[in-house]
Amino acid sequence: MTSNEATTPPGARTGSTGAVDAAPPGRPAADRVTSRDVARAAGVSQAAVSLVLGDKWRGRVSPGKAEAVRAAARELGYRPNLAARSLRTGRTRTVLLVVPALTTEFFARVYTGAARVAADHGLGVVLYPSSEGIGPSHPAPATTPGAGPVRTPSVPDPFDSAAATLDGVIASSMAAEALTALRAADLPLVMLDSDPDDDRATATVNLDIADGVRQLTGHLTALGHRRITHLAADVRSWTFEVRARAVSETLSRVPGVRLRRLPAALGVDAGLRAAHTALTTGPGPRPTALLCDDDIIAAGACKAVRRLGLRVPEDVSVTGFDDLALAVAVEPELTTVRLPAEDFGEAGMRALMAALDGRPDRAPTLPVELVTRGSTAPPADAPENAARPGG
């Protein structure tokens with residue numbers, strides 16, 4: 001686990017607001033930053049600083065002044081005394097973020113957004129990357145020929161004492177299986193990219209995944225594609241169920257579309273194998289477009305197209321989803337759907353803070369954006385395609 005939780009430096013003194021006179025490394029003790037320094041820099045009172053950094057400013061401090069306080073605290077390197085505040089409020093000021101294993105930068109950016117909001121309000125964030133997105137693994141006993149089962153050490157549950165050490169949890173639906181112990185602890189829980197009708201969550205923050213799929217399929221059909229294969233992420237998760245459903249529903253309304261779906265694990269090699277199957281086996285003629293659930297799958301699909309002696313996009317268009325750094329690292333660059341990962345993490349943290357303050361509200365659904373690049377074009381038999389380089 002990693003944490004951005006601030007700690008009280010040895011010998012630091014605590015003011016009446018419970019704030020530590022924290023100083024950046026190298027600054028003398030006599031010159032430590034106090035809440036009075038923040039108030040002076042922001043042009044507000046110390047009481048306003050306490051309200052803003054305690055997230056109790058709404059209706060009492062203007063949004064502009066609240067942002068000025070947060071900006072001043074960041075610039076000066078001010079951190080509240082979490083230990084003193086915990087004694088006063090009965091809270092640990094620590095939250096847990098549970099995400100799938102960090103195999104791409106998407107969830108790293110989610111963490112960045114969540115941690116930024118948390119730091120502005122004196123909260124610590126502990127990151128738990130759940131192995132394979134399904135929580136802590138408990139391996140089956142190994143066996144040795146003729147020797148019977150071999151005992152393996154048990155894997156401790158990392159959430160065993162969650163109720164005593166955490167104020168709340170933010171979790172991705174892709175790591176939902178890791179949450180059994182946390183639900184039993186009855187902690188406030190904000191789910192990201194998850195079923196809004198799941199009443200086990202205190203709040204749900206979603207991206208408008210279905211709209212992203214509609215934008216993507218609309219782009220392909222407007223180019224003239226009617227033979228489309230969906231390389232669907234082979235992951236049990238609400239977000240991928242939404243994508244599959246939206247693909248089917250959207251394309252069912254377009255006359256003449258032939259949709260095929262093939263599963264693919266989240267990996268370049270898996271995307272390559274699934275795309276190779278899609279392009280070399282029936283039924284019917286090969287697809288003119290491969291619609292991929294993830295940029296990583298799409299990168300593998302592009303490799304499969306080239307290995308078969310075909311071209312992207314002149315012979316086969318390829319689309320991704322997420323807009324990872326990988327999307328502009330491949331050639332041609334991927335047409336994809338951009339997901340605002342940092343905004344997503346920020347919204348999740350704000351929803352949890354609202355729940356901790358007893359004011360849970362309907363969390364927002366964040367908009368997504370279609371980004372068109374060079375990996376899509378009209379199908380090979382369309383007149384427009386002949387004018388493209390290599391067409």
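Side chains are part of it too, since the values below use all heavy atoms of this structure and drop only hydrogens, waters and symmetry mates. These numbers come from a predicted model, not from an experiment.
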> Side chain of T288, backbone of R227: donor and acceptor closer than 3.5 Å?
Replying inline: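 The answer is yes, because a donor-acceptor pair under 3.5 Å joins these two groups.
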Can [X] and [Y] be counted as having a side-chain donor-acceptor contact under 3.5 angstrom?
| X | Y | value |
| --- | --- | --- |
| R286 | T229 | no |
| T376 | T335 | yes |
| R273 | T277 | no |
| H219 | T372 | no |
| D323 | T336 | no |

> Testing D322, V371, L324 for side-chain contact (heavy atoms from CB on, under 4.5 Å) with R338, which one passes?
Replying inline: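 It is V371, the one option of D322, V371, L324 that forms the side-chain contact (heavy atoms from CB on, under 4.5 Å) with R338.
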Cationic N near anionic O, under 4.0 Å, [X] to [Y]:
| X | Y | result |
| --- | --- | --- |
| K303 | E331 | no |
| E241 | R245 | no |
| E342 | R116 | yes |

>> Using every non-hydrogen atom in the two residues, find where V190 and A351 come nearest and quote the distance to one decimal.
In response: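 The answer is CG2-C, 3.9 Å.
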> Between D193 and W238, what is the shortest heavy-atom contact and its length?
Replying inline: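 Looks like O-CE3, 3.3 Å.
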>> Before you tell me yes or no, could you show the steps for L97 and Y111 under side-chain contact (heavy atoms from CB on, under 4.5 Å), namely the whole-Å CA-CA distance, both residues' side-chain angles and the distance that decides it to 0.1 Å?
In response: CA-CA 8 Å; L97 176 63; Y111 169 78; 3.8 Å; yes
> Rounded to the nearest 0.5 Å, how far apart are CG of L192 and OG1 of T204?
Replying inline: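 Interatomic distance, L192 CG to T204 OG1, rounded to 0.5 Å: 9.0 Å.
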>> For I170 and V98: C-alpha separation, side-chain torsions, deciding distance, then whether side-chain contact (heavy atoms from CB on, under 4.5 Å) applies.
In response: CA-CA 6 Å; I170 305 171; V98 184; over 6 Å; no
